[in-house]
There are 2 protein chains.
Amino acid sequence: MYTIGQISEMFHLPISTLRYYDKEGLFPNLKRESGIRKFTDREVETLRVIECLKQSGLEIREIKQFMQWCTEGSRTYPLRKALFEGRKAAVEAEIAELQKTLALLTYKCWYYDTAIQDGNEDGIRAMLPDHLPKEIQALYDRANER
Amino acid sequence: MYTIGQISEMFHLPISTLRYYDKEGLFPNLKRESGIRKFTDREVETLRVIECLKQSGLEIREIKQFMQWCTEGSRTYPLRKALFEGRKAAVEAEIAELQKTLALLTYKCWYYDTAIQDGNEDGIRAMLPDHLPKEIQALYDRANER
DNA sequence: GCTTGACCTAAAGTCAGCTTTATGTGTTAT
DNA sequence: ATAACACATAAAGCTGACTTTAGGTCAAGC
């Protein structure tokens, strides 16, 4: 069993955030002893899932909904599974987006590297939009894909 | 040359957002003809960079700062390069985080798949925390890494 | 016995990033 | 000429996710 302070350190989350999560109903099983929250390994696990779902782009009220389902037994298994499938697809899409972002960032790093060496952007501009060095061209095209 | 409406369609961004970006100084070269904004290919390119930097986690005011640097000639090349290097590192870190999130999501998909088949979570609980099927164990461990 | 520190609540405040509202201008179609 | 459109502004409003504030309880150490 853990106090809110211990959980705060464990997850590097402010105490106020944990209380806010509790207020929002994200810990449906959280018990108290004379008013004081008692976190168990179950809440530690819950918090891991909260962080995961948050990172996946889910809103607090949707996470609450999921936690609610978890208290409703086996008939909500399909709902819960569908939620995770959906989040999985969303995160895969997000990663794909970020790879494209990364291509443009990498291109821009080369761009300014070159500009610093040349003292200006003229040489690069002369190569745009499709006579860049092979590797760089690939990044540039990938970033401007749609 | 494009009107704000054309740019809005091109980027699937509301007109209000484009006006907001302009108000925030994100288009330092944007010209007007009798009050009406005239977007050129330069602004199209700027908008691509805005979207990229936004996806990388940069705030509007930092993007504005970057756009300011772009108007200040070659002496800001090093600043601009450092910005992109930093954003590149941030996006790489973000992708790594999302891969971990993805591992937990994939694990949870298996979890509910199994729970649906079994009609309960007992079988899975008996395997936790380190007697899961090999592939699944790898996902689980990866997700709970720190 | 009194201060310190960790816990508690309810309610108000903050912040970024838009979005909406209210109002107005200028060109094009009927 | 009048309605419909696409543009414009300034200012207020919205949303989600916290965070801060103001006030209180309770156990432990000096």
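In what follows, every heavy atom counts, from backbone to side chain, and hydrogens, waters and symmetry copies are set aside. All chains are named by letter (A, B, ...) in the order of the sequence lines, taking the proteins before the strands, and each is independently numbered beginning at 1.
If you measure from atom CZ of A/Arg32 to atom C1' of C/dT9, you get 9 Å, rounded to the nearest angstrom. Nucleotide C/dC18 holds its C1' atom 11 Å from the CG atom of B/Leu13, rounded to whole Å. The interatomic distance linking A/Ile36 (CD1) with C/dG5 (P) rounds to 17 Å, in whole Å. In this structure, B/Lys23 places its NZ atom 14 Å from P of C/dA16, rounding to the nearest Å. Between the OH atom of A/Tyr20 and the P atom of D/dT21 there is a distance of 19 Å, rounded to whole Å. For the pair A/Glu33 CD and D/dT25 C1', the computed distance is 16 Å after rounding to whole Å. The CD1-C1' distance, from B/Ile50 to C/dG17, rounds to 14 Å in whole Å. Note: CD1 (A/Ile7) to P (C/dC8) measures 12 Å, nearest angstrom.
Using a 4.0 Å cut-off, some side-chain N or O of B/Tyr21 falls inside it from OP1 or OP2 of C/dC18. Distances shown here put a side-chain N or O of A/Arg37 below 4.0 Å from the OP1 or OP2 atom of C/dT9. When the side-chain nitrogen and oxygen atoms of B/Ser16 are compared with OP1 and OP2 of C/dC18, none of them lie within a distance under 4.0 Å. Remark: B/Lys54 is in phosphate contact with C/dC18, judged by side-chain N or O atoms under 4.0 Å from OP1 or OP2.
Geometric assessment of B/Lys23 against the ring of B/Tyr20 yields a negative cation-pi assignment under the 6.0 Å and 45° thresholds. A cation-pi arrangement, defined by a distance under 6.0 Å to the six-membered ring centre and an angle within 45 degrees of its axis, is absent between A/Lys81 and A/Phe84.
When heavy atoms are screened at a 4.0 angstrom cut-off, B/Glu59 is found touching the sugar-phosphate backbone but no base atom. Residue B/Thr3 is in sugar-phosphate contact alone, with no base atom involved, counting any heavy-atom pair closer than 4.0 Å across all strands shown.
No side-chain donor-acceptor contact under 3.5 Å links A/Lys108 and A/Tyr140.
Nearer to the 5' terminus of DNA chain D, by closest-nucleotide assignment, is the contact made by B/Gly5 (compared with the other of A/Thr17 and B/Gly5).
For A/Leu104 against B/Cys52, the heavy-atom pair with the smallest separation is CD2-CB, 3.6 Å.
Of all nucleotides listed (C/dC7, D/dT19, C/dA16), C/dA16 comes nearest to the side chain of B/Arg61.
Shown are A/Leu58, A/Ile50, A/Leu26; of these, the side chain to side chain contact (heavy atoms under 4.5 Å, CB included) with A/Lys64 is made only by A/Leu26.
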